[in-house]
Novice: 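Next up is a structure, given as structure tokens.
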Amino acid sequence: MSYLDTKQALITKLLATSITGITVDDIAFENNNFNPAGKTKYIGCYFIPASSDTTGKELGAKQEQRGIFQVSVYIKLNGGTYINEQLQIIDDLLTGFAYGSTSTYNVKTVSILESTVNSGSENEAWYKRDVSINYLIIN
């Protein structure tokens with residue numbers, strides 16, 4: 001599976017996930033112009049390939065690709081109840097990217113191995129938590 005197809009499969013799954021209070025206009029995609037001014041929350045998504053291995057040395061051996069699709073959830077810093085909104089968004093993402101779920105793009109399937117959340121940190125005027133979605137493709 002190509003890196004492009006893998007990224008597109010993961011973005012397709014993200015867009016198909018019902019995320020409370022987030023629309024496509026609230027998603028910052030890599031290397032795209034995005035201005036969060038006037039927003040109280042938004043998410044950013046990052047495609048991070050990690051490894052590509054061949055399962056054998058013969059012609060036609062299977063390829064295995066692993067990586068992380070990271071979704072960062074940003075809320076306004078010191079925003080009162082915004083932390084609850086952030087946690088709801090994270091819950092929605094964990095449901096959408098549950099263990100064993102899949103996404104297909106161009107006839108290739110990406111499998112979700114696990115999704116984890118970090119403790120969060122301040123990032124300029126935002127409080128950010130990352131959801132790291134570990135994926136696997138075998139083709």
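A quick note: this is a predicted structure, and the numbers were derived from the prediction, not measured.
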Novice: Measuring from atom CD1 of Ile112 to atom NZ of Lys13, what distance do you get when rounded to the nearest 0.5 angstrom?
Specialist: 6.0 Å
Novice: Among Val73, Ile22, Thr20, Val131, find the one that has a side chain to side chain contact (heavy atoms under 4.5 Å, CB included) with Asp92.
Specialist: Thr20
Novice: Roughly how far, to the nearest 0.5 Å, is OH of Tyr105 from NZ of Lys7?
Specialist: 9.0 Å
Novice: I'd like to know if the side chain of Asn134 reaches the main chain of Leu113, judged simply by a donor and an acceptor atom lying under 3.5 Å from each other, with no hydrogens or angles considered.
Specialist: no
Novice: Nearest 0.5 angstrom please: Phe34 CZ to Asp25 CG, how far?
Specialist: 8.5 Å
Novice: Shortest non-hydrogen contact from Leu94 to Ser115?
Specialist: CD2-CB, 3.5 Å
Novice: Determine the interplanar angle of the Trp126 and Tyr42 rings, folded into 0 to 90°, and report it as parallel if under 30°, tilted if 30 to 60°, perpendicular if over 60°.
Specialist: perpendicular
Novice: How long is the span from the CZ atom in Arg129 to the OG atom in Ser119, to the nearest 0.5 Å?
Specialist: 7.0 Å
Novice: Within the distance-only criterion (no hydrogens, no angle test), does the side chain of Glu30 pair as donor or acceptor with the backbone N or O of Phe47 below 3.5 angstrom?
Specialist: yes
Novice: Are the side chain of Asn35 and the backbone N or O of Ala37 linked by a donor-acceptor pair below 3.5 Å?
Specialist: yes
Novice: Can the ring centres of Tyr82 and Tyr127 be said to be less than 6.0 Å apart?
Specialist: no
Novice: Can any side-chain N or O of Asn118 pair as donor or acceptor with the backbone N or O of Asp130 at less than 3.5 Å?
Specialist: yes
Novice: Just to verify, which of Thr40, Ile83, Thr81 counts as forming a side chain to side chain contact (heavy atoms under 4.5 Å, CB included) with Ile75?
Specialist: Ile83
